[in-house]
2 protein chains.
Amino acid sequence: MSNSQITIKDIAKALNVSVSTVSRALNDSPDLSGATKLQVQEYARQHHYKPNLLALSMKKRESKTIGVIVPQIIHHFFSSVLEGMMDVAEREGFNVLLFRSRDSFEKEQHSVQQLISSQVCGVLTSIAKETTHYEHFQELVDHNIPVVFFDRICVDIPSNRVVIDDYAGALAATEYLIKTGCHRIAFFCSPLNLEISKNRRGGYLDALSKHGISVDKDLIKICDNYDEAIPVATEMLQSENRPDAFFAVNDETALGILHATKHLHFKIPEEISICGFTDGFAAIASDPQLTTVGQSGQDVGRSAMELLVEKIRHKGDQPLIKNKIIKTKLIVRETTR
Amino acid sequence: MSNSQITIKDIAKALNVSVSTVSRALNDSPDLSGATKLQVQEYARQHHYKPNLLALSMKKRESKTIGVIVPQIIHHFFSSVLEGMMDVAEREGFNVLLFRSRDSFEKEQHSVQQLISSQVCGVLTSIAKETTHYEHFQELVDHNIPVVFFDRICVDIPSNRVVIDDYAGALAATEYLIKTGCHRIAFFCSPLNLEISKNRRGGYLDALSKHGISVDKDLIKICDNYDEAIPVATEMLQSENRPDAFFAVNDETALGILHATKHLHFKIPEEISICGFTDGFAAIASDPQLTTVGQSGQDVGRSAMELLVEKIRHKGDQPLIKNKIIKTKLIVRETTR
DNA sequence: AGGTACAGTGCAAACGTTTTCACTGACAAA
DNA sequence: TTTGTCAGTGAAAACGTTTGCACTGTACCT
């Protein structure tokens with residue numbers, strides 16, 4: 001019933017040696033006689049001795065723990081990122097302290113405070129939607145704790161970043177549609193204040209101009225969810241100058257378009273091609289299965305963690321800022337030719 | 001550049017008082033003069049003093065941290081569970097140390113060791129598929145660390161558990177199919193060594209007998225994934241004594257059945273009803289959308305965390321074992337009448 | 001004046017480690 | 001014998017806190 005964690009002291013007392021000796025034996029220090037060392041190690045093993053990480057961290061002033069703050073966990077992209085981070089953390093011997101902001105500024109701020117208090121040796125985060133000022137992150141920097149932002153980065157703080165190559169992904173997808181014979185390609189995107197939106201739109205536009213297709217403003221819609229996509233796509237499909245392809249900023253929107261297209265009995269992909277962005281679960285579950293731009297959350301997570309670990313290892317060095325851009329991959333399924 | 005975490009000592013030195021005074025001031029102790037107290041608090045605030053949680057945990061011998069081990073993170077159910085756990089952890093003031101077993105026994109074992117070393121005050125876990133013996137969990141119990149198992153529980157260890165009510169969920173779903181006019185209901189399930197499989201099958205069988213429908217062995221198949229479901233369902237649908245409904249042990253299998261049914265041009269739900277189990281992303285993305293038994297991962301996570309916190313708070317008390325069964329909810333969509 | 005009460009404060013131990021320094025004894029070299 | 005070397009070990013400080021105890025001084029009561 002005792003909170004019986006056996007300590008180095010207990011071993012010392014039991015074996016009638018000093019704590020220093022026990023410590024050295026357990027760390028396999030070279031300046032210790034074979035006999036004593038073995039005796040201590042044996043005793044420790046038998047009694048399931050476990051070093052107290054708290055005491056250790058305190059002594060060494062580094063905790064081998066990394067803090068992660070995500071806006072949400074039930075979310076295909078973020079859970080993938082988390083999974084990728086765990087891959088690297090495990091390999092590199094770091095533990096992970098998890099926080100979730102729910103896109104609330106206040107919670108994010110509180111999480112950062114907790115992380116500093118917890119003496120984490122690094123932080124990975126994707127900022128909350130609500131967040132517009134960044135003193136709390138600056139505090140991390142002031143405390144000399146390395147930070148890597150991923151996906152939703154913080155532009156105001158000089159920091160390491162890992163982002164998706166939205167531009168190239170959109171460019172490749174649009175080019176693929178063009179190459180498979182589409183020339184009137186509609187584009188459904190989010191409001192342009194979001195960075196990803198701008199970049200994906202840029203890729204779309206550049207692909208058109210690269211292939212000598214002029215931009216038709218009527219083909220570009222601000223519309224980024226399932227429900228809105230249905231009426232918007234329906235109207236476009238019924239116009240006489242209808243598009244022959246749709247490219248959507250995310251999979252949900254693409255599914256809305258798919259729904260509308262099927263409803264009007266257009267043949268997919270013979271008459272209408274559709275391409276999404278993300279490659280979440282939905283892309284495979286839909287019928288026909290959705291062609292989409294795959295963004296590997298796991299790669300983002302892995303890269304972010306790798307970058308962070310590198311920063312931690314070379315903490316004394318020049319504070320060089322490194323960014324990493326994760327490639328996307330076009331995943332061709334049944335909604336394109 | 002210094003690892004400049006300001007400490008209680010620094011404050012004491014700067015203000016020319018003792019560390020005890022500072023400590024008391026920061027903890028708003030009643031036996032301290034107003035003036036000094038305010039002065040200290042003000043100084044601490046200005047210099048962004050943050051208590052060192054490591055030192056605190058060591059002193060108090062409790063870390064306010066809870067360890068969580070999940071088999072996987074990119075997984076609708078487990079990420080939901082995690083989200084639910086965070087809800088409660090946040091509310092109750094606990095931090096979460098996250099581990100992932102990848103269904104490997106070895107990793108699970110290692111995670112447990114880390115958790116003990118980290119002095120967590122409780123552990124939540126769903127055991128790895130590989131795991132068949134439980135010494136590592138027993139060690140937690142021996143160390144007097146409360147454990148709550150969720151979903152994949154550990155039968156050999158007397159412990160608190162949170163599970164899904166598979167039996168009732170399957171019973172309700174089957175009854176719904178019967179009430180909407182189906183009498184030849186096929187059942188696709190996992191191998192019967194899994195607990196959930198047994199329970200869901202039990203619910204199915206009891207629903208039939210409750211409504212006076214005799215069991216047809218040919219309608220029960222061991223088949224629990226998308227790819228296998230397609231040929232199996234196809235064959236059943238082509239037999240002369242075909243089923244008029246399918247109930248599958250998970251959503252993926254149900255989608256395979258859906259695929260086969262559509263391919264053979266049966267009308268859904270007029271001719272064939274289909275029901276899944278889980279209510280993941282896929283259920284909404286499919287066309288038609290899938291009727292399924294919803295199991296709330298978030299509720300599981302919340303309940304598990306609540307149970308654990310209760311255990312931690314009443315650690316001295318009688319070690320009463322509490323189990324919690326999470327209700328499922330039938331979510332009727334388009335694949336049933 | 002003598003005593004009590006108490007507010008305000010500091011000292012030091014403790015939590016479990018690591019690590020520097022110093023000590024002991026044995027043995028070899030002079 | 002004296003000196004030096006070295007292997008083996010222990011004492012103690014330190015990491016940042018909290019807290020029981022002891023000390024000071026002032027104010028109040030007889």
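Convention: sequence-line order gives letters A, B, ...; per-chain numbering from 1.
When rounded to the nearest whole Å, the span between CG of A:Leu32 and C1' of C:dT19 equals 14 Å. If you take NZ of B:Lys13 and P of C:dC11, they are 14 Å apart, rounded to a whole angstrom. If you measure from atom CG of A:Leu15 to atom C1' of D:dT9, you get 14 Å, rounded to the nearest angstrom.
Electrostatic pairing of B:Arg302 and B:Asp299 counts as a salt bridge here, judged by a charged N lying under 4.0 Å from a carboxylate O. Taking the charged nitrogens against the carboxylate oxygens, B:Arg91 and B:Glu306 do have a contact shorter than 4.0 Å, which makes a salt bridge.
Side-chain contact of B:Thr21 with B:Ser18: a donor-acceptor pair under 3.5 Å is present, judged by distance alone. For A:His136 and A:Glu108, the side-chain atoms include at least one donor-acceptor pair closer than 3.5 Å.
The six-membered or imidazole ring of A:Phe99 lies away from that of A:His110, with a centre-to-centre distance of 6.0 Å or more.
B:Thr36 comes within 4.0 angstrom of the backbone, heavy atoms only, and of no base.
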N/O contacts under 3.5 Å, protein versus nucleotides 14-18 of chain C?
from, atom 1, to, atom 2, distance (Å)
C:dA14, N3, B:Lys59, NZ, 2.6
C:dC15, OP2, A:Lys9, NZ, 3.0
C:dG16, OP1, B:Arg61, NH2, 2.8
C:dT17, OP1, A:Tyr49, OH, 2.8
C:dT17, OP1, A:Asn52, N, 3.3
C:dT17, OP2, A:Ile8, N, 2.8
C:dT17, O5', A:Tyr49, OH, 3.3
C:dT18, OP1, A:Asn27, ND2, 3.4
C:dT18, OP2, A:Ser23, OG, 2.5
C:dT18, O2, A:Lys59, NZ, 3.3

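At least one donor-acceptor pair closer than 3.5 Å links the side chain of A:Lys315 to the backbone N or O of A:Asn144.
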